[in-house]
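To start, the structure under review is shown below, and the notes come after it.
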Amino acid sequence: MSDNFEPRIVGFLCNWCSYAGADMTGTSRIPYPPNIRIIRVPCSGRVDPLFVLKAFQEGADGVMVLGCHPGDCHYSEGNYHARRRYALMHRFLDFVGIEADRLCIDWVSAAEGHRFAQVVAQFTAQVQPLGPWNGLQRRRR
Amino acid sequence: MNERDNPLRPYPGRLVGIKNIAQDIKLFQIELKDGQPFDYRPGQFAFLSAFGVGEAPFGLASTAERSPVLEFAINRIGTVTDALHSLEPGAVVGVRGPLGNWFPLEEIKGRNVVVLGGGIGGAPLRPVIHSILDHRDDYGKLTILWAARTPSLLIFTDEYEQWAAAPDTELHVTVDEGDERWSGHVGLITQLLERVAPSPENAVAIICGPPIMIKFTLLTLEKLKFQPQQMLMTLEAKMKCGIGKCGRCNMGEKFVCVHGPVFWYTEVARFLESFV
Amino acid sequence: MKLTSREQLAAWLDALMERATVIAPRQVECGGGSGTHLLLYQPVASSAEVVFDFQRTAMSPKGYFLPSTEVLFEIEKRSNEVTLDEALPQDEQVLFAIRPCDARGLRVLDALLVEHEPADAYYAQRRRNTTLVGLACPHLWPECFCTAIGGAPDDSADVDIMLYEVDGGYLVSEITEKGTALLAGLNAEETDQPAPVSDRSGPSVPVLAPEAWPALFNELYWARLSDRCLSCHACTYVCPTCRCFDVRDYTRAAGPNGIHIERLRSWDSCMAAAYRRIAGGHNPRPSKMHRLRNRYYCKFNYCPQDFGAVACVGCGRCIAVCPVGIDITEMLGEVAALAATLEERGKGKG
Amino acid sequence: MSESIQTALRTRARELLELGEVSCVIGYERSPRGRVRPAFIYEPADADRLVWDNTCHHNLMVYLHDRKTPPRRGEEVPRVAVVAKPCDVRALNVLLHEGQIAREKVFVIGVACAGMCEEGTEELQARCRRCRERVPIFYDALVGEPPKVTAVDEDWADVVELEGMSAAERLAFWTREFDRCIRCYACRQACPGCYCFECMAEQVDPLWVGIAIELPEKAFFHVMRAYHLAGRCVECNACELACPMHIPLSLLNRKIAKEVEALFGYRAGGDPQTPPPLATFRKDEELPL
């Protein structure tokens with residue numbers, strides 16, 4: 001894959017932690033890859049696997065789900081559910097041909113501006129060599 | 001190919017006016033672009049497209065006689081109506097029609113007319129009322145029974161005064177459930193109908209509303225000695241084409257879109273499938 | 001009548017593929033080498049792909065006239081301006097080896113979609129653009145009952161060209177001018193040999209006359225019959241005459257110059273629970289009894305009244321495909337028996 | 001063996017109907033074409049229509065969803081009897097856990113099962129060769145003796161084979177398979193675990209999938225359906241057997257079952273108490289992400 005491919009990444013960010021973390025990254029003027037398109041969600045537990053698959057079908061090359069660190073969920077257990085869900089989803093999507101490396105679930109707190117930048121950079125670098133995702137999509141007529 | 005040859009093609013119309021007429025109900029005024037001919041009669045319907053979402057059928061709430069502008073009263077209840085409600089004046093919508101049959105207003109000239117409208121079902125009855133009012137001498141007594149679940153759901157309230165003031169015309173309004181500002185009748189349209197008790201003598205009843213309202217209104221009319229051949233109704237069904245192809249709106253062998261939406265009770269009573 | 005060999009027929013097909021899309025029975029491998037196959041009408045790139053000897057395809061060829069999904073309009077929307085483009089099909093198609101029952105299915109669809117005005121422009125255009133090359137069945141196959149419903153395994157009424165397999169190749173009968181034109185280039189010799197008559201013996205399936213159906217509408221029978229129905233869409237999708245559809249818009253791309261929308265039409269099925277449910281939740285056909293009964297009435301009572309044709313051609317696909325063994329011929333038999341019983345009972349009372 | 005089971009089934013069904021214990025017995029019968037299909041017996045005299053053999057593969061639990069509400073408003077939900085193989089009972093367990101079925105409304109006629117055969121052969125279905133549960137976990141009446149069948153070890157060979165491919169090869173595989181789908185929903189309708197009032201595939205607001213019968217919609221439906229059955233699918237294979245396009249749906253379900261077992265040590269339908277793995281969690285668990 002060409003080196004100048006810029007993956008399109010959709011990030012589902014929990015309102016109470018990673019979204020605020022991303023804010024912190026911005027206000028602290030920490031650079032991070034512009035590849036991520038952020039969608040704010042109330043909790044990582046709200047991220048239905050439907051959203052992830054839909055994102056892939058609508059043109060995402062990678063999808064991130066970022067929630068509160070285990071134990072810190074604003075709703076006490078949403079991220080525990082998300083953890084189980086995506087541990088499985090990961091492996092399943094890989095099985096139908098969407099490489100496991102295109103999906104990431106991680107934890108970023110509201111105070112971790114640096115960590116947010118780092119996680120996004122890491123994931124972008126991980127998706128980049130995979131090239132664009134265009135499987136299971138509509139045939140051009 | 002001639003554009004007219006594709007019956008699924010919508011024609012662009014511009015929203016020239018949008019009025020809030022009740023809770024979640026707006027009156028859309030549409031001017032067809034490029035002078036597209038659109039000859040329609042009371043009772044007919046058209047498909048409106050909210051481009052990007054899809055199209056759905058709506059009864060025409062206006063008469064060609066009063067204005068070249070087409071009017072539709074639309075309740076926000078599904079995806080298409082939701083999209084229509086989000087539009088601003090000036091927006092372009094698609095119009096496909098007119099479709100279906102119409103009220104036999106010529107046929108019932110000289111007779112007393114009882115109009116029974118329930119909720120948004122009043123929309124296709126407005127052209128009936130307008131036509132009768134505009135040709136007042138051609139018809140006998142006009143009795144309008146108008147109902148909604150709550151006062152905030154009553155449609156065309158700004159016209160009530162005018163309707164009631166017309167010669168030989170009565171307007172009775174009821175709501176299932178009143179509020180602190182409501183001083184009118186409270187109760188179902190069937191109760192109102194029993195109270196008003198219009199005479200079946202030389203009369204025709206015209207009904208539109210939710211299926212359950214039509215069902216019980218028919219029963220009450222029967223109690224008042226209306227015969228099936230004196231009752232007209234317009235039915236609603238899910239439709240995708242409006243031209244008898246998509247197969248969705250049949251009641252037995254009848255398609256609401258082409259054999260209706262206006263039916264005599266005598267026809268409906270012969271349907272294999274119930275409309276409720 | 002002409003006589004041609006399979007090799008000559010194949011050569012003609014290969015030449016035809018240069019100028020038209022040829023759709024023919026093709027073996028499709030399933031499950032990645034698990035050994036199962038399906039026979040489907042598909043566009044073919046070479047006569048080598050064509051299966052000449054077959055019973056029936058899993059799907060009827062109706063999808064080449066009323067596609068499972070098609071674009072009705074391409075719509076461009078810029079602030080308050082909208083332009084609409086009809087996406088009318090232009091390609092010339094040849095449907096090779098269509099069975100007489102499937103061709104008859106197109107006649108039913110014609111009655112509904114073309115003759116019943118206004119005509120469906122898309123379907124009508126595809127019909128005009130397509131030449132039908134029929135292939136007679138030597139006899140009825142398992143589940144077939146075309147003869148019970150007015151058809152025949154060698155009925156050439158609805159095709160442009162009819163092929164009959166005979167010793168040494170195929171007899172070619174030119175039915176229409178369109179067919180004659182298509183045959184140009186076929187290497188064949190004139191022959192006096194008459195078309196073989198297929199064996200018409202098949203199951204005896206009594207088909208109740210359309211006017212006899214309404215009396216049975218409220219019988220408990222329909223609830224009992226539909227007990228095992230799963231309310232899936234399989235029978236309606238494989239059926240050569242089912243034509244219900246849904247229409248919806250899709251926004252495909254949005255840019256600074258506006259958005260690109262497609263208005264799509266897709267197959268839909270009267271078996272779906274939500275098929276008649278209106279915005280607001282009311283559903284006049286709430287149970288699977290209502291829906292299965294409607295399907296059969298549509299075929300044997302409504303369509304004859306509305307469009308002048310029984311909407312069943314006896315292809316047997318719905319029987320073969322039903323995961324729970326609902327059998328339209330069994331239903332027809334039971335309905336006829338039920339009608340007879342009711343009539344007896346009526347006489348008894350009279 | 002089949003014959004004695006069949007006789008016992010008929011006797012039991014007749015009894016239940018005669019005593020008025022149940023309004024209907026859901027079992028299997030032979031169609032006039034000779035194939036086994038679901039049967040609904042309402043009269044004791046019809047009990048002899050019931051059959052049992054190694055082609056009774058339908059999971060009849062799916063029909064219990066039709067009987068969750070009374071036939072007329074205000075009436076009581078009638079009790080039914082249902083013929084259940086061990087795998088079917090696991091599906092029933094899932095439904096019981098999810099509060100779909102009232103246990104007292106179902107009389108389970110459990111059948112000791114020697115396995116079902118592949119269509120038109122005498123060869124056991126792969127899932128039946130692996131089955132270690134020849135007698136249902138629970139029942140109200142048991143018919144038949146535990147058969148002496150030695151189960152082969154579960155090696156997930158079918159799943160492992162696909163796992164061994166490259167992602168691109170897997171994508172090509174599933175593109176080919178999903179492409180044949182006609183969106184007839186036979187898989188979903190045959191599945192006891194798929195009982196949503198409105199399936200995400202047909203939901204219009206929000207519109208997740210849409211009406212098109214094209215690859216994206218087909219793939220979306222199958223992937224999400226399999227995922228929705230994670231920890232709930234009992235591998236009865238009703239979906240695959242119902243599929244008119246021969247899509248190897250069991251591969252999707254089994255991949256998930258394999259991962260669910262590896263991650264959470266859970267197998268669906270074991271009992272009506274344990275919540276499925278995606279409806280619960282452990283705070284201290286370490287999951288590979």
Side-chain angles (χ1 to χ4, degrees), chain B residues 1 3-12 14-15 33 47 49-56 75-83 88-94 120 210-212 236-241 243-255 258-259 270 272-276, chain C residues 72-73 75-77 79-84 86 88 112-113 116-125 210 213-214 217-218 242-251 259 261 263-265 268 270 274-280 282-285 290 293-294 297-298 301-307:
Chain B
M1 139 169 215
E3 293 190 340
R4 275 279 161 193
D5 289 345
N6 185 349
L8 295 177
R9 186 186 183 92
Y11 289 89
R14 193 170 298 285
L15 280 177
K33 296 174 77 180
F47 272 77
S49 289
F51 292 114
V53 177
E55 55 175 10
N75 189 5
R76 193 163 66 85
I77 195 169
T79 50
V80 173
T81 55
D82 212 24
E88 302 280 345
V92 175
V93 295
I120 191 69
I212 195 78
E236 184 196 3
K238 196 162 170 174
M239 291 176 194
K240 292 292 170 182
C241 74
I243 52 172
K245 312 281 188 211
C246 77
R248 214 174 265 266
C249 68
N250 76 309
M251 311 244 173
E253 80 280 12
K254 298 292 185 206
F255 290 106
V258 293
H259 298 109
R270 282 200 305 267
L272 278 184
E273 280 183 300
S274 156
F275 65 92
V276 278
Chain C
L72 295 178
F73 299 100
I75 301 165
E76 300 288 340
K77 192 168 135 191
S79 61
N80 282 342
E81 290 308 316
V82 170
T83 54
L84 242 90
E86 251 137 352
L88 278 175
L112 254 115
L113 297 173
H116 179 264
E117 294 195 331
D120 183 302
Y122 304 85
Y123 174 88
Q125 180 98 338
W213 286 72
F217 194 75
N218 292 315
C242 277
R243 79 342 175 152
C244 287
F245 59 78
D246 199 351
V247 178
R248 231 196 124 79
D249 288 4
Y250 283 80
T251 299
I259 57 174
I261 298 160
R263 176 156 293 176
L264 293 189
R265 161 158 80 177
D268 199 353
C270 58
Y275 181 73
R276 287 295 305 271
R277 200 186 295 145
I278 56 172
H282 177 68
N283 190 349
R285 225 170 269 150
H290 291 95
R293 179 179 65 183
N294 177 70
Y297 270 70
C298 178
N301 178 251
Y302 307 157
C303 278
Q305 289 185 68
D306 291 328
F307 310 106

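Protein chains get the first letters and strands the later ones, always in sequence-line order, with residue 1 at the start of each.
You'll find the side chain of B/L272 stays beyond 4.5 Å of the side chain of C/W213, heavy atoms only. Side-chain contact between B/N250 and C/R276 is present, with at least one heavy-atom pair separated by less than 4.5 Å. The side-chain heavy atoms of B/H259 and C/D306, taken from C-beta on, include a pair separated by under 4.5 Å. A heavy-atom distance below 4.5 Å is not found between the side chains of C/H282 and B/K238. Taking the side chain as every heavy atom from C-beta outward, B/L8 and C/E86 never approach each other to under 4.5 Å. Side-chain contact between C/R263 and B/F51 is present, with at least one heavy-atom pair separated by less than 4.5 Å. The side-chain heavy atoms of B/K245 and C/H116, taken from C-beta on, include a pair separated by under 4.5 Å.
A search for side-chain contact (heavy atoms from CB on, under 4.5 Å) contacts involving B/A83 returns B/A50, B/V53, not counting sequence neighbours. Not counting sequence neighbours, the partners of C/T83 by the side-chain contact (heavy atoms from CB on, under 4.5 Å) test are C/E76, C/R78.
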Checklist entry - Under the side chain to side chain contact (heavy atoms under 4.5 Å, CB included) criterion, do B/R14 and C/N80 qualify, and how do the steps go? => result CA-CA 8 Å; B/R14 193 170 298 285; C/N80 282 342; 3.6 Å; yes
Item to check | CA sep, side-chain torsions, deciding dist, call: C/L72, B/N6, side chain to side chain contact (heavy atoms under 4.5 Å, CB included) | outcome: CA-CA 10 Å; C/L72 295 178; B/N6 185 349; over 6 Å; no
Item to check | Full working for side chain to side chain contact (heavy atoms under 4.5 Å, CB included) between B/K240 and C/D268 | outcome: CA-CA 11 Å; B/K240 292 292 170 182; C/D268 199 353; 5.9 Å; no
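Residue C/N218: no heavy atom, backbone or side chain, is found under 4.5 Å from chain B. For a residue to count as touching a neighbouring chain, one of its non-hydrogen atoms must lie under 4.5 Å from one of that chain's; by this rule C/Y275 touches chain B with backbone and side chain alike. Contacts between C/A124 and chain B at a heavy-atom distance below 4.5 Å are absent for every atom of the residue. Looking at B/E88, neither its backbone nor its side chain comes within 4.5 Å of chain C, counting heavy atoms on both sides. Proximity to chain B involves both the backbone and the side chain of C/L84, based on heavy atoms less than 4.5 angstrom apart. Only the side chain of B/P211 comes within less than 4.5 Å of a heavy atom in chain C; its backbone stays farther off. Heavy atoms of B/P210 lying under 4.5 Å from chain C are absent altogether. Using a 4.5 Å cut-off between heavy atoms, C/Y122 contacts chain B through its side chain alone, with no backbone atom that close. Heavy-atom distances place the side chain of C/F73, and not its backbone, under 4.5 Å from chain B.
Here the closest heavy-atom approach between residue B/P7 and residue C/P118 is recorded as CB-CG, 3.7 Å.
The greatest number of non-hydrogen atom pairs below 4.5 Å with chain C, out of B/I212, B/T81, B/I243, is found for B/I243. Of all the listed residues (B/G90, B/C246, B/G54, B/G247), the one sharing the greatest number of non-hydrogen pairs under 4.5 Å with chain C is B/C246. For chain C, the option among B/T79, B/V258, B/V93 with the highest count of heavy-atom pairs below 4.5 Å is B/T79. Contact count versus chain B (heavy atoms, under 4.5 Å) is highest, among C/E117, C/R285, C/R265, C/E81, for C/R285. Per-residue counts of heavy-atom pairs under 4.5 Å with chain B were compared for C/D120, C/T251, C/L113; the largest is that of C/L113.
Separating the NZ atom in B/K254 from the OH atom in C/Y302 is a distance of 12.0 Å, to the nearest 0.5 Å. The distance from atom CZ of B/R248 to atom CG of C/D246, rounded to the nearest 0.5 Å, is 4.5 Å.
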